[in-house]
Amino acid sequence: MATLTQEADCPPPKKQKFEEKPETCKNGIHESLVDLSSFQLEKVLHNNTNRKTVCLKGKFVSKQGEALVLLEKTAFAEENLKQDSDYFTKSSALEKVFHNDIYGNYNYFPKVNLNTIKATIIHPATEQHFLKYSPQKCRVVDETPEVYEKIVLPHLSSEQFNLKWLYNILEHKSEVERIIFEDPDVENGFILLPDLKWNGEVDTLYLLGIVHKRDIKSLRDLTAQHLPLLKNIQKKGIESIKSKYGLDGSQLRIYLHYQPSFYHLHVHFTYIQHEAPGILAERAHLLSNVISNIELLPNYYQKVTLPFVVRENDALFKKLQENVN
Ligand code: M7G
């Protein structure tokens with residue numbers, strides 16, 4: 001039985017399956033968009049003052065379908081803070097608000113290139129995308145193997161996110177120039193590349209390792225037969241990051257999400273100093289723990305109770321509640 005234990009930070013909702021429609025791509029905006037002048041705001045979905053992000057729902061003039069625009073003020077990059085950088089020249093302006101004795105309060109307007117806002121644009125966006133980026137109440141559910149088999153797995157099989165973007169990466173149709181490392185082996189190979197969430201500054205490093213094998217949905221499917229794959233990702237992922245970004249394995253947080261949003265096995269690599277979204281205890285499982293657990297017990301992830309977070313308005317939550325009562 002699933003037990004509902006506490007509220008927590010929310011993961012994305014489980015999504016409705018939707019058919020791939022080629023016309024969706026023809027109506028896409030990403031080939032031609034150069035500014036946001038054609039964006040018509042309908043609703044502010046979320047204004048996260050801690051993360052300095054705002055999530056907007058709207059439309060692009062003369063484009064069909066709704067759009068989701070996520071704007072995020074980016075973190076300071078240490079390498080831009082050198083003495084001779086534009087932060088400390090006349091090309092950045094300071095405006096005094098007030099001062100009192102030794103305390104001064106200013107507005108600072110750095111040169112435009114130091115003031116990047118990262119924009120993630122999803123178009124056409126589905127209702128599930130809007131739900132994913134809206135604040136929601138969440139619950140933690142203890143998923144026993146029985147609950148997984150009887151409730152969660154059937155639910156996932158009928159309602160899950162489209163994996164087209166991910167297969168595009170594996171088939172070298174998209175983001176080819178962004179690939180940092182590839183091991184093409186069909187059993188143990190993977191592609192390492194920057195995550196959509198990352199803006200490229202090492203201080204907030206966020207890479208994704210996507211396995212070539214297509215039959216591993218999530219942590220739940222992992223067994224001793226996958227140990228060579230997991231160890232390969234760990235070893236070669238760390239080596240590639242060391243040679244490209246100069247970070248050691250001990251400076252990386254390497255983990256899997258349970259539940260993930262996308263049911264094709266992938267591993268998150270983030271810089272340990274960066275508090276990336278999705279690193280909380282109820283969702284992140286360190287890769288080294290995963291390997292060690294399977295070494296202790298080959299079918300550990302088929303036997304263990306795995307807690308996960310679900311949104312209160314997710315159909316899955318209703319099904320789980322019905323099972324508890
Ligand atoms: P997850 O654990 O399934 O879900 O991770 P999450 O999004 O709730 O964390 C999937 C990861 O894939 C996330 O870190 C996304 O930011 C990343 N991602 C999603 N998309 C659609 C893309 C994409 O098109 N390209 C890249 N490079 N990463 C993506």
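Ligands are counted one by one from 1 in listed order, and the atoms in each one are counted from 1 as well. We use all heavy atoms of the structure for the numbers below, so side chains are in, but hydrogens, waters and symmetry mates are not.
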Legend entry - N-O pairing of Lys150 and Glu322 below 4.0 Å: no
Inset, instruction - Could you list the residues that satisfy side chain to side chain donor-acceptor pair (under 3.5 Å) with Lys59, not counting sequence neighbours? - result: none
Inset, instruction - Please indicate whether any nitrogen or oxygen in Phe262 is less than 3.5 Å from any nitrogen or oxygen in ligand 1. - result: yes
Inset, instruction - Of the side chain and backbone of Ser174, name the one, both, or neither that has a heavy atom under 4.0 Å from an atom of ligand 1. - result: neither
Inset, instruction - Please work out which of Trp165, Tyr258, Phe161 has its closest non-hydrogen atom nearest to atom 24 (O) of ligand 1. - result: Trp165
Legend entry - Glu72 with Arg51: basic N within carboxylate O range, under 4.0 Å: no
Legend entry - Close approach, Tyr263 and ligand 1, non-hydrogen under 4.0 angstrom: no
Inset, instruction - Run down the list Ser261, Ser218, Ala284 and name the one with the heavy atom closest to atom 8 (O) of ligand 1. - result: Ser261
Inset, instruction - Please say whether more than 12 non-hydrogen atoms of neighbouring residues, nucleotides or ligands are located less than 6.0 Å from OH in Tyr103. - result: no
Legend entry - Among Phe262, Tyr258, Tyr206, the one residue meeting ring pair (Phe, Tyr, Trp, His ring centres under 6.0 Å) with His268: Tyr206
Legend entry - Close N or O approach (Leu196, ligand 1; < 3.5 Å): yes
Inset, instruction - Scan residues 275-295 for pairs that pass ring pair (Phe, Tyr, Trp, His ring centres under 6.0 Å), counting only residues two or more places apart or in two chains. - result: none
Legend entry - Atom indices of ligand 1 within 4.0 angstrom of His257 heavy atoms, with elements: 1 (P), 2 (O), 9 (O)
Legend entry - ligand 1 atoms in contact with Tyr206 (distance to a heavy atom under 4.0 Å): 14 (O)
Inset, instruction - Would you check whether Gly278 reaches within less than 4.0 Å of ligand 1, judged by its heavy atoms? - result: no
Legend entry - Main-chain N/O of Leu222 paired with Gln302 side-chain donor or acceptor, under 3.5 Å: yes
Legend entry - ligand 1 N/O within reach of Pro194 N/O, cut-off under 3.5 Å: yes
